[in-house]
Amino acid sequence: MLFTSVDDVSARLAETGYLASPAVATTVFLADRLGKPLLVEGPAGVGKTELAKAVAEVADARLVRLQCYEGVDESRALYEWNHAKQLLRISAGRDETWDEARTDIFSEEFLLSRPLLTAIRGDEPKVLLIDETDKADVEVEGLLLEVLSDFQVTVPELGTITASRRPFVVLTSNASRELSEALRRRCLFLHIGFPEEELERRIVRLKVPGLDETLAKSVVRVVGALRAMDLRKVPSVAETIDWARTLLALGADHLDETVVRDSLGVLLKHQDDILKAGAKLDLDAV
Amino acid sequence: MSTAERLTSLVGALRAHGVRIGTGETVDAAQAVEALGFADRELLREGLAATLLHSTAQRPVFDPVFDLYFPRGVGGPDTGPPDRDDLRERLAGALAANDESLLARLAAEAVDGFGGYGNSPSSDGWSSYQTLDRLRPQTLLARVRDDVRGRQGMSGFTDRLLEDEIRRRIEAFRALVATEARRRVAERRDRDRIARRAVAPTTDRVDFLFAGKDRLAELRRTVQPLARKLATRLAARRRRAARGSIDLRRTLRGSLSTGGVPMKPVLRRRRPARPELVLLCDVSGSVSGFSDFTMLLVQALHDQFSKVRVFAFVNRIDEVTRLLRHGAADAEGLSARIRAEATLTGWHGSSDYGVALGEFASLYGDALSPRTTVFVLGDARTNMSDPNLPAVREITERARRVYWLNPEARAQWGTGDSAAYEYAESVEMHECRNVRQLSALVGRLLPI
Ligand SMILES: Nc1ncnc2c1ncn2[C@@H]1O[C@H](COP(=O)(O)OP(=O)(O)O)[C@@H](O)[C@H]1O
Ligand SMILES: [Mg+2]
């Protein structure tokens with residue numbers, strides 16, 4: 001058991017620089033208590049990946065990360081035999097029988113462990129981060145489901161490897177694709193959206209320490225206004241932080257039309273969003 | 001109710017709303033309750049959501065159901081008789097400070113003081129509409145804005161954000177009032193029945209006026225299938241109309257050759273041209289969900305008519321037929337875009353039906369002919385200004401038919417600043433609260 005209470009989660013995550021909303025803290029607490037994987041869904045840049053890292057730090061655990069992408073497969077996710085090394089071994093030992101060689105080359109020494117296997121082997125505490133799960137192909141979900149159900153992996157040549165200590169598992173998704181119901185059912189579900197004004201202000205203050213309190217407040221209010229607009233892509237926490245850093249670097253000590261107009265590109269990525277937001281914020285008034 | 005019963009009922013209600021919950025999740029939820037305890041209701045809410053739900057889309061169903069089974073409090077808050085001015089005063093303070101927990105308490109107090117109807121003191125029902133109608137939080141905007149400015153000064157770039165921020169807070173307060181009223185109703189009636197009835201009805205019964213962003217998106221997806229269904233219905237009506245009517249004069253004339261005995265009935269020929277349609281749409285915030293949907297629906301039906309022209313207004317009117325044509329592909333926030341691109345307001349943003357209808361009659365009179373059918377879409381809430389009935393009569397005289405579709409429940413017509421009954425004297429007005437009513441009306445009233 002990593003945490004004693006929900007407050008304990010908040011406090012210890014905060015020490016590592018992660019400010020958790022009540023929803024985040026509660027769900028992390030329960031994931032630990034119930035020993036279930038945590039599926040975190042939400043737009044890009046709201047701190048999904050960062051959360052897993054923070055939990056690892058708090059738990060003094062090793063972070064094992066499986067970054068998903070289109071085409072990621074078993075040999076990247078689970079394990080792979082080290083063919084080159086196997087060949088070397090075979091050509092080095094010419095005077096032994098094939099049976100002897102085979103037993104030898106299919107042993108741990110020649111196994112390349114990938115994140116899913118790594119996460120269940122060994123006794124040290126681990127956090128397994130399966131990042132951007134929605135980017136992987138559907139077949140990979142079957143594999144995840146198997147591993148996350150029993151926390152064991154069968155390597156035909158070696159036998160079954162069972163976790164002696166279950167990792168704390170975090171899966172993240174941008175919801176670009178709906179994950180299968182079966183996988184969802186294995187997990188506790190957490191949606192992280194854009195934070196409340198007060199929380200976002202605290203995040204900005206924490207990540208950009210030099211920024212003046214009043215300016216931080218203005219920054220968050222402008223971002224809030226942009227999020228209420230009908231834009232193609234509204235700014236996330238990551239962009240808020242970037243913008244705050246930019247303002248600090250520009251030496252701005254308060255917001256005005258010029259500074260907002262000149263730096264709006266840090267917050268908005270599409271030209272038509274920039275135009276629209278500019279009009280709504282009356283930036284052309286100067 | 002014991003915790004176990006409460007949890008079982010909650011799960012039952014969620015299932016009734018299509019959330020698939022297995023026994024595994026129910027066991028997890030029970031463990032979550034045990035681990036979290038009852039001390040903090042919001043933690044409990046998050047814990048149950050984490051264990052019972054599997055997707056973000058389920059959350060809007062979950063929250064109101066949770067509020068019913070795990071209410072904030074029981075009964076009314078312990079306050080004296082309500083004093084409207086005092087409550088508005090405190091509400092203004094809470095809005096200015098953006099104090100969310102105080103806003104929640106005030107919402108409870110407001111429903112208790114102003115939401116009850118029927119036999120007091122233990123009311124028969126609780127109405128959020130009535131509460132908000134008495135309290136009128138939206139009218140606090142200027143006052144709260146000035147308060148905030150008074151305290152933090154109106155200097156600075158962010159001052160321009162203030163009004164919208166306060167509007168969003170007021171919206172949130174209105175939602176709190178709705179939740180509280182639902183809870184009070186649930187307390188007195190069978191909770192399970194309310195959960196099924198009062199929470200998230202199926203899409204075609206969702207009130208346009210209370211549909212959130214997600215619900216509206218869901219509605220928009222039903223436009224095309226609905227349009228196909230209606231087109232079929234219109235075609236059938238057209239066939240029946242063509243078949244049904246006998247041209248008496250021509251039948252008699254034909255009968256001269258058979259000694260005056262009408263042997264062959266002559267059917268009236270179909271009107272050669274298809275009818276023309278004009279829409280006048282209130283696209284102000286309160287009713288924009290309704291106008292969006294109806295505009296899209298009519299756009300999808302446009303080949304049923306020889307001509308469709310669409311006009312939008314808030315307090316000024318402008319033609320938006322073209323905007324609508326290319327807006328249909330990217331329909332989210334259609335009326336927001338229309339508001340941004342057409343000239344619909346002088347600088348204040350609230351509806352003024354009188355001015356808008358007058359402007360239509362004088363500037364766009366050419367849109368009207370004996371072949372045009374006009375639909376006015378809106379709640380007829382004209383913010384206390386003159387409804388301009390002569391303009392409406394002028395429109396009805398020049399068009400073939402004029403119908404008014406009002407998204408408000410009939411019971412609200414004429415309350416507060418609603419001029420519904422005044423307009424209804426010159427125009428056939430129909431209640432049109434949801435897609436179900438709209439499609440019935442459109443199928444029946446659209447000219448063929
Ligand atoms: N609650 C938070 N506390 C601290 N930092 C945060 C928080 N939320 C977001 N961030 C910051 O925002 C940035 C983006 O976070 P990241 O985890 O990469 O987003 P995601 O994985 O959701 O796309 C990171 O720099 C992170 O530090
Ligand atoms: Mg990430």
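Proteins come first, then strands; the chains are lettered A, B, ... in the order of their sequence lines, and each starts at number 1.
Side-chain contact check for L34(A) versus T51(B): some heavy-atom pair is nearer than 4.5 Å. Looking only at side-chain heavy atoms (C-beta outward), D28(B) and L30(A) stay at 4.5 Å or farther from each other. Within the 4.5 Å cutoff, no side-chain heavy atoms of Q58(B) are placed close to those of H191(A). Under the 4.5 Å side-chain criterion, counting only non-hydrogen atoms from C-beta, L283(A) is in contact with F157(B).
Interface check for chain B: of the options K276(A), E181(A), E41(A), the most heavy-atom pairs under 4.5 Å are formed by E181(A). Per-residue counts of heavy-atom pairs under 4.5 Å with chain A were compared for E46(B), E100(B), H54(B), E165(B); the largest is that of H54(B).
For chain B, no part of K280(A) is nearby; none of its heavy atoms comes within less than 4.5 Å. Proximity to chain A is absent for every atom of L52(B), based on heavy atoms less than 4.5 angstrom apart. There is no contact between E198(A) and chain B, counting heavy-atom distances below 4.5 Å. Neither the backbone nor the side chain of R45(B) comes within less than 4.5 Å of any heavy atom in chain A. Only the side chain of V260(A) comes within contact range of chain B, with at least one heavy atom under 4.5 Å from a heavy atom of that chain. Proximity to chain A is limited to the side chain of E25(B), based on heavy atoms less than 4.5 angstrom apart. For L179(A), no part sits under 4.5 Å from any heavy atom of chain B, backbone or side chain. Residue contact with chain A, scored on non-hydrogen atoms closer than 4.5 Å, is absent for D164(B).
Qualifying ring-ring contact (aromatic ring centres under 6.0 Å, His included) partners for F29(A), counting only residues two or more places apart in sequence or in other chains: none. Not counting sequence neighbours, the partners of E178(A) by the salt bridge (charged side-chain N to carboxylate O under 4.0 Å, His left out) test are R184(A). For D150(A), there are no salt bridge (charged side-chain N to carboxylate O under 4.0 Å, His left out) partners at least two apart in sequence or on another chain.
For residues 212-227 of chain A, a heavy-atom distance under 4.5 Å to chain B picks out K217(A), S218(A), R221(A), V222(A), G224(A), A225(A), given by residue number.
Residues G22(B) and R185(A) come closest through the heavy atom pair N-NH1, 3.6 Å.
Using modelled atom types, no side-chain atom of R33(A) and backbone atom of A32(B) make a donor-acceptor pair closer than 3.5 Å.
Considering CG of L255(A) and CG of D159(B), their distance stands at 12.5 Å, rounded to 0.5 Å. Here the CG atom belonging to L53(B) is positioned 11.0 Å from the CG atom belonging to L188(A), to the nearest 0.5 angstrom. Taken to the nearest 0.5 Å, the CG atom of D256(A) stands 11.5 Å off from the OG1 atom of T158(B).
Atom CD of E196(A) is surrounded by 12 or fewer heavy atoms from other residues, nucleotides or ligands within 6.0 Å. Atom CD of Q152(A) has more than 12 heavy atoms from other residues, nucleotides or ligands within 6.0 Å.
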